[in-house]
Amino acid sequence: MSIVEVLTGLWESSGFGALASGAASWRNLVMILVSFVFLYLAIGKKFEPLLLVPIAFGILLANLPGSEIMLDSIGLSDPATMQAVESGVMEAGHWYDSGVLRLLYVGVKSSIFPCLIFMGVGAMTDFGPLLSNPVSLLLGAAAQLGIYVAFIIAIVLGFAPEEAASIAIIGGADGPTAIFLTSKLASHLLAPIAVAAYSYMALIPIIQPPIMRALTTEKERKVKMTQLRKVTKVEKIIFPVVVLVITAFILPSVIPLLGMLMLGNLFKECMVTDRLSDTAQNALMNIVTIMLGVCVGATADGDTFLTAKTLKIVALGLIAFMFSTVGGVLLGKLLYVLTKGKVNPLIGAAGVSAVPMAARVAQKVGSKDDPTNFLLMHAMGPNVAGVIGSAVAAGYLLSLFG
Amino acid sequence: MTAMLLKMQMGWGETLKTSIVGLLVVIAILAVIAVLILLISKIMGAATKAFSKKKPETEPVKETAAPPAAKPAGRELPETESQGTLQLENVDEPTAAVIMAIVSNQSGIPLNRLAFKSIKLIEEK
């Protein structure tokens with residue numbers, strides 16, 4: 001073998017060679033730049049770094065020229081190919097010939113990762129503020145308005161109902177729920193939807209305050225809410241079990257998400273499974289977050305991600321977030337009137353899940369008008385109610401289109 | 001699969017109906033849960049009352065009972081103020097206020113019956 005042949009072989013197998021031969025396109029290069037921007041936002045600006053760093057790195061890994069990290073050798077991502085392979089119509093390699101992230105992606109596709117994340121979220125959630133003020137649940141429900149507004153607009157824009165439902169769930173401001181529903185209904189849109197959902201969750205401190213201020217008066221924002229009652233341990237233990245049973249009987253499709261959420265919460269509250277609670281909210285949560293983030297990022301291949309559809313999804317996600325905030329604040333205003341000024345409408349905005357960022361935003365906006373006003377604990381009620389609300393909304397959409 | 005999905009469309013009426021029913025389903029389920037919470041708290045309250053009436057002597061110190069707090073000297077403090085002088089070390093006032101509110105809320109002791117001595121940042125991340 002001559003030196004020229006060796007050098008030619010090296011060139012052809014390099015990333016530059018892949019670009020020159022057309023195996024990789026300019027879209028991959030753009031996605032690499034996008035991953036750099038995300039890394040900067042995560043590390044430099046601290047925008048949801050725990051999620052954005054793995055997502056950004058996943059995007060980078062999948063778009064490097066010559067990368068086979070998402071190689072699908074047996075049709076793991078395509079049911080038709082998998083069926084053909086299984087029935088012997090098509091010859092394929094072994095499952096272990098697939099790219100490492102394609103193998104891990106099975107956890108996303110099968111909804112294992114979103115459900116495990118929900119268990120961790122449950123183990124970290126204190127439903128105390130919600131139990132001491134059950135009206136918070138209505139605020140959490142109203143803040144799902146954006147899901148249905150975005151659904152209508154998505155249908156008008158020409159998306160199929162399954163796609164529209166997956167896009168609309170971005171308004172629930174709950175990453176795992178968005179991934180869960182999308183992987184069931186429109187897995188080809190997983191990357192843009194996940195990226196939009198997590199990006200907007202990180203941008204909540206920028207998106208929500210102008211809407212909250214525009215919809216409320218200074219008098220409303222200055223309302224000081226009375227101290228919450230102390231919730232007993234027994235109530236906290238009964239709550240996850242009762243909620244799961246009742247909700248599951250009404251809407252069985254919500255069981256995977258809500259079931260895991262409540263299991264994690266029971267670990268936390270029952271006081272006899274401290275080790276399980278600790279694992280669910282720390283080690284397991286961190287491991288799954290890494291795998292989920294990298295896998296979701298790796299689905300953002302330049303050729304499938306850089307399309308007009310992605311731009312529409314990003315725009316619809318923003319609309320969903322804004323209307324969810326509007327829904328929560330408007331019901332907060334209604335409760336302000338009904339309770340003769342005892343409810344601060346700002347806590348309604350926290351109904352958009354995104355625990356605890358949305359509650360912190362309510363606290364921040366409220367304390368701007370009155371620094372002695374402490375809304376954080378009051379906003380945590382609608383905030384955790386939003387988690388249940390978005391899971392129920394996902395269950396409803398799944399039962400219709402799944 | 002994608003092509004098949006893309007062929008499916010919904011009419012205006014069906015879209016609106018799906019959205020309105022969807023929002024109502026979420027509100028209804030969460031309202032049912034709210035009612036259940038109220039019921040549970042009422043039952044728990046009644047059970048606790050009945051239990052404490054039955055065994056007043058053997059009742060240990062209540063988990064939720066607030067520890068005795070020193071009486072405020074001078075004027076009665078409003079509920080939004082704590083007692084004593086607070087020293088802040090590398091912590092801004094809004095953060096300190098939030099921490100104090102959380103302590104008050106979690107302990108069930110009104111802010112005007114609590115005295116914070118100092119709040120300091122022990123690790124800068």
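This structure is a prediction, so every number in the text was calculated from the model and none was measured. Chain A is the first sequence line, chain B the second, and so forth, proteins listed ahead of strands; every chain is numbered from 1.
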Under 4.5 Å from a heavy atom of chain B, the part of [X] involved:
X	answer
A:Val135	neither
A:Asn373	neither
A:Ile152	both
A:Leu145	both
A:Ile250	side chain
A:Ile238	side chain

Could you tell me the separation between the [atom1] atom of [X] and the [atom2] atom of [Y], rounded to the nearest 0.5 Å?
X	Y	atom1	atom2	result
B:Ile29	A:Leu251	CD1	CG	5.0 Å
A:Leu138	B:Ile33	CG	CD1	10.5 Å
A:Leu131	B:Met44	CG	CE	11.5 Å
A:Phe239	B:Leu36	CZ	CG	9.5 Å
A:Ile155	B:Glu14	CD1	CD	9.0 Å
B:Ile102	A:Met377	CD1	CE	6.5 Å

For [X] versus [Y], what's the shortest heavy-atom pair and its separation?
X	Y	result
B:Leu23	A:Gln144	CD1-C, 4.2 Å
B:Ala34	A:Pro134	CB-O, 3.6 Å
A:Glu235	B:Ile40	CG-CG2, 4.0 Å

Residue B:Val32 versus chain A: region with a heavy atom under 4.5 Å: side chain
Bottom line for B:Val35: the part with an atom under 4.5 Å from chain A's heavy atoms is neither
Kindly state each residue pair satisfying ring pair (Phe, Tyr, Trp, His ring centres under 6.0 Å) with at least one member in residues 383-402 of chain A, sequence neighbours excluded. A:Phe151-A:Phe401
Give a yes or no on this: more than 12 heavy atoms of other residues, nucleotides or ligands lie within 6.0 Å of atom CD of B:Glu93. no
Please check if atom NZ in A:Lys364 has more than 12 non-hydrogen atoms from other residues, nucleotides or ligands closer than 6.0 Å. no
Would you say [X] and [Y] make side-chain contact, with heavy atoms under 4.5 Å?
X	Y	answer
B:Thr18	A:Tyr148	no
B:Ile37	A:Leu137	yes
B:Leu30	A:Ile388	yes

